[in-house]
Undergrad: 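Below are the structure tokens for one structure; questions will follow.
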Amino acid sequence: MKTLTSVLIVAFLFLFGCENNDGISRGEYEQLKAENKELKAALEDCRQGPKKRFNQAQSLFEKKNYDQCKAELVMLIDKYPGTSEAVQAKELLDATEKALQKIAAEKERVEKEKAEKEAQRLANATNKMRKKYDDIKGITWYRDKTSPRYLNTRTDFGAYIGKEKDGAPWLRLKIRYVADEWLFIEKYIIKADDHVYEITESRYGEIETDHGGGKIWEWLDRYVGPHEYSIIKAVADAKDAKIRFVGGQYDKDRVITTREKQALKNILDAYEALGGSDI
């Protein structure tokens, strides 16, 4: 500190002399003036720097801004090791690190609890599913346990889930019509409370047909996009839902049952638990 003060005094005297010395250039004078300014700043930093930094660190600690507080304290200790503020800084640094450790432990606890809840939710949701693994395609298919196992079992409005091992899940819509006579379905009209939707073929022959044992069945099985997703959600949440199977000559209306609506809710819940998002 004394050495720096002496250098500053010498610089002042030299500058004073320079200002009255016709032998020095203006450029040299300005350079010396700038260097003198830097010396003043360095002297002020030696006098006030540790105190300012410690006060700043203390303020950050009180505001619970522990990361910045730690950075400030480490800089203080490194730059002013022999000062009384450095001793105080070491004590505050210890308290800061303990606070950071406590925050990290709490964060870990919350994340662990969240992961456990998500795992439990996934287990609860998939327990309502009938699972089948396709080892050739590497896809696990999830269907609600109440959904029909076979195409010719019964008429049904439903959905199911596909998921590869490391990929996001996707949804498929499946509408089945089982009867004694053909309708040759061309489209579907769905009414969910006050909302009416329409599903038509995206390509010729998408609505497939088959027959056997005195029965016929017609069905649609397609990837769920935004339009289909909005219909599935609307039907699942509807108090009253109906579907009209529009055939070449005749139509057939049918109420979508409570069981079917609950199956859709189960599918949507499992889809979300498996990592699916709104479409």
Undergrad: Given the rule in the side chain to side chain contact (heavy atoms under 4.5 Å, CB included) test, do Arg172 and Lys174 qualify, once you have shown the distances and angles that lead to the verdict?
TA: CA-CA 7 Å; Arg172 291 191 69 86; Lys174 194 159 191 173; over 6 Å; no
Undergrad: Which pair of non-hydrogen atoms, one from Thr153 and one from Arg149, has the smallest distance, and what is that distance?
TA: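 Heavy atoms only, the tightest pair is OG1-N, 4.3 Å.
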Undergrad: With ring pair (Phe, Tyr, Trp, His ring centres under 6.0 Å) as the rule and sequence neighbours excluded, what pairs involving residues 246-277 come up?
TA: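 Not a single pair qualifies under ring pair (Phe, Tyr, Trp, His ring centres under 6.0 Å).
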Undergrad: Which pair of non-hydrogen atoms, one from Lys233 and one from Leu268, has the smallest distance, and what is that distance?
TA: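 Minimum heavy-atom separation between Lys233 and Leu268: CG-CD1, 4.1 Å.
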Undergrad: Would a line drawn from the ring center of Tyr66 to the ring center of Phe61 be shorter than 6.0 Å?
TA: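 Tyr66 vs Phe61: aromatic centres under 6.0 Å.
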Undergrad: If we ignore hydrogens and angles and just use 3.5 Å, is the side chain of Asp134 paired with the main-chain N or O of Ile139 as donor and acceptor?
TA: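 Flag not set: sc Asp134 to bb Ile139 has no pair under 3.5 Å.
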Undergrad: Parallel, tilted or perpendicular: which one describes the rings of Phe184 and Trp182, with boundaries at 30° and 60°?
TA: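 Aromatic pair Phe184/Trp182 classed parallel.
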Undergrad: Is it true that, when you exclude Lys70 itself, more than 12 heavy atoms of the residues, nucleotides or ligands shown sit nearer than 6.0 Å to its NZ?
TA: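 Not more than 12 within 6.0 Å, no.
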Undergrad: Strictly below 4.0 Å, N to O, side chains only: are Lys187 and Glu198 in salt-bridge contact?
TA: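 Yes.
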Undergrad: What do you reckon, is NZ of Lys242 surrounded by more than 12 foreign heavy atoms closer than 6.0 Å?
TA: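 No, not enclosed.
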Undergrad: Taking it one step at a time, do Glu113 and Lys117 satisfy side chain to side chain contact (heavy atoms under 4.5 Å, CB included)?
TA: CA-CA 6 Å; Glu113 188 177 282; Lys117 285 181 178 178; 3.8 Å; yes
Undergrad: Taking atom CD1 of Ile185 and atom CD of Glu218, what is their separation to the nearest 0.5 Å?
TA: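 If I round to the nearest 0.5 Å, the distance is 4.0 Å.
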Undergrad: Has Asp194 got more than 12 heavy atoms of other residues, nucleotides or ligands less than 6.0 Å from its CG?
TA: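 No - once you tally the heavy atoms of other residues, nucleotides and ligands closer than 6.0 Å, there are 12 at most.
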Undergrad: Is it true that a side-chain atom of Lys163 and a backbone atom of Lys165 form a donor plus acceptor pair closer than 3.5 Å?
TA: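 Indeed, once roles are kept as given, a pair shorter than 3.5 Å links the two residues.
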Undergrad: Just by distance, do the side chain of Glu206 and the backbone of Ser202 share a donor-acceptor pair under 3.5 Å?
TA: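 Yes, Glu206 side chain to Ser202 backbone: donor-acceptor pair under 3.5 Å.
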Undergrad: Are Ile216 and Ile175 joined in one hydrophobic group, where the rule is that I, L, V, M, F, W and Y side chains link up if heavy atoms are under 4.5 Å apart?
TA: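 Ile216 and Ile175: one cluster.
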Undergrad: Do any N or O atoms from the side chain of Asp269 and from the backbone of Lys265 form a donor-acceptor pair under 3.5 angstrom?
TA: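 Such a contact is absent between Asp269 side chain and Lys265 backbone.
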Undergrad: Kindly give the heavy-atom pair with the smallest separation between Ala125 and Ala273, and that separation in Å.
TA: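 Ala125 and Ala273 have their closest heavy atoms at CB-CB, 4.1 Å.
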Undergrad: Linking I/L/V/M/F/W/Y whenever any side-chain heavy atoms sit under 4.5 Å apart, do Val224 and Ile207 land together?
TA: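 Val224 and Ile207: one cluster.
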Undergrad: Supply the atom-to-atom distance Ile231 CD1 to Ile199 CD1, rounded to the nearest 0.5 angstrom.
TA: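 One gets 4.0 Å once the value is rounded to the nearest 0.5 Å.
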Undergrad: Give me the atom names and distance for the closest heavy-atom approach of Thr96 to Leu73.
TA: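 Looks like OG1-CD1, 3.8 Å.
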Undergrad: Looking at CD1 of Ile161 and NZ of Lys131, how far apart are the two atoms once the value is rounded to the nearest 0.5 Å?
TA: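 Between Ile161 CD1 and Lys131 NZ, I get 11.0 Å after rounding to 0.5 Å.
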Undergrad: Is there a continuous path of hydrophobic side-chain contacts, each under 4.5 Å between heavy atoms, that joins Ile267 to Ile243?
TA: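 Ile267 clusters together with Ile243.
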Undergrad: Got a second to check how far Ile103's CD1 is from Asp67's CG, nearest 0.5 Å?
TA: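 Going from the CD1 atom of Ile103 to the CG atom of Asp67 covers 7.5 Å.
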Undergrad: Kindly write out the residues that satisfy ring-ring contact (aromatic ring centres under 6.0 Å, His included) with Tyr177, not counting sequence neighbours, or none if the list is empty.
TA: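 For Tyr177 the ring-ring contact (aromatic ring centres under 6.0 Å, His included) partners, ignoring immediate neighbours, are Phe245.
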Undergrad: Could you give me the CA-CA distance, side-chain angles and deciding distance for Thr83 and Phe54, then say whether side chain to side chain contact (heavy atoms under 4.5 Å, CB included) is met?
TA: CA-CA 11 Å; Thr83 62; Phe54 184 75; over 6 Å; no
Undergrad: Salt-bridged, Lys191 to Asp240, with N to O below 4.0 Å?
TA: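 Judged by the 4.0 Å cut-off on N to carboxylate O distance, Lys191 and Asp240 do not form a salt bridge.
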Undergrad: Check whether any side-chain heavy atom of Glu260 lies under 4.5 Å from a side-chain heavy atom of Thr146, and answer yes or no.
TA: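 Glu260 vs Thr146: side chains apart.
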Undergrad: Compare all side-chain heavy atoms of Asn152 with those of Asp210 and state whether any distance is below 4.5 angstrom.
TA: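 The answer is no; the side chains never approach within 4.5 Å.
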Undergrad: List the atom of Ile279, the atom of Pro226, and the distance in Å for their closest heavy-atom pair.
TA: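 So the minimum-distance heavy-atom pair works out to CG2-N, 3.6 Å.
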Undergrad: Quick check: is Ile77 connected to Val87 through a chain of hydrophobic side chains (ILVMFWY, heavy atoms under 4.5 Å apart)?
TA: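 No; Ile77 is not reachable from Val87 via cluster members.
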Undergrad: Minimum heavy-atom separation for Tyr197 to Ala192, with atom names?
TA: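 Smallest heavy-atom distance, with atoms named: CE1-CB, 4.4 Å.
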Undergrad: Output yes when Arg109 and Glu106 qualify as a salt bridge under the 4.0 Å nitrogen-oxygen rule, no when they do not.
TA: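 Salt bridge: yes.
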Undergrad: Does Trp219 sit in a hydrophobic cluster with other residues, and if so which ones, taking ILVMFWY side chains as linked at heavy-atom separations under 4.5 Å, directly or through other members?
TA: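 Via sub-4.5 Å side-chain contacts, Trp219 links to Leu151, Val178, Trp217.
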Undergrad: Kindly indicate, with the supporting measurements, whether the criterion side chain to side chain contact (heavy atoms under 4.5 Å, CB included) is fulfilled by Lys112 and Glu116.
TA: CA-CA 6 Å; Lys112 184 180 178 182; Glu116 288 173 351; 3.4 Å; yes
Undergrad: Report the distance from atom OG of Ser147 to atom CG of Leu264, rounding to the nearest 0.5 Å.
TA: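 It is 10.0 Å, given to the nearest 0.5 Å.
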Undergrad: Are the charged groups of Asp94 and Lys98 less than 4.0 angstrom apart, N to O?
TA: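 So Asp94 pairs with Lys98 through a salt bridge.
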Undergrad: Evaluate whether atom NE2 of His195 has more than 12 neighbouring non-hydrogen atoms of other residues, nucleotides or ligands under 6.0 angstrom away.
TA: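 Not more than 12 within 6.0 Å, no.
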Undergrad: Do Leu60 and Leu100 belong together in a cluster built from hydrophobic side chains that touch within less than 4.5 Å?
TA: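 No, no single cluster joins them.
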Undergrad: Is a salt bridge present between Arg53 and Glu72, judged by a nitrogen-to-oxygen distance below 4.0 Å?
TA: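 Salt bridge: yes.
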Undergrad: Once you round to the nearest 0.5 Å, how far does CG of Leu76 lie from NZ of Lys90?
TA: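 Rounded to the nearest 0.5 Å, the CG-NZ separation comes to 10.5 Å.
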Undergrad: Taking the side chain as everything from C-beta on, heavy atoms only, tell me whether Glu186 gets closer than 4.5 Å to Thr200.
TA: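 With C-beta onward as the side chain, the pair stays apart.
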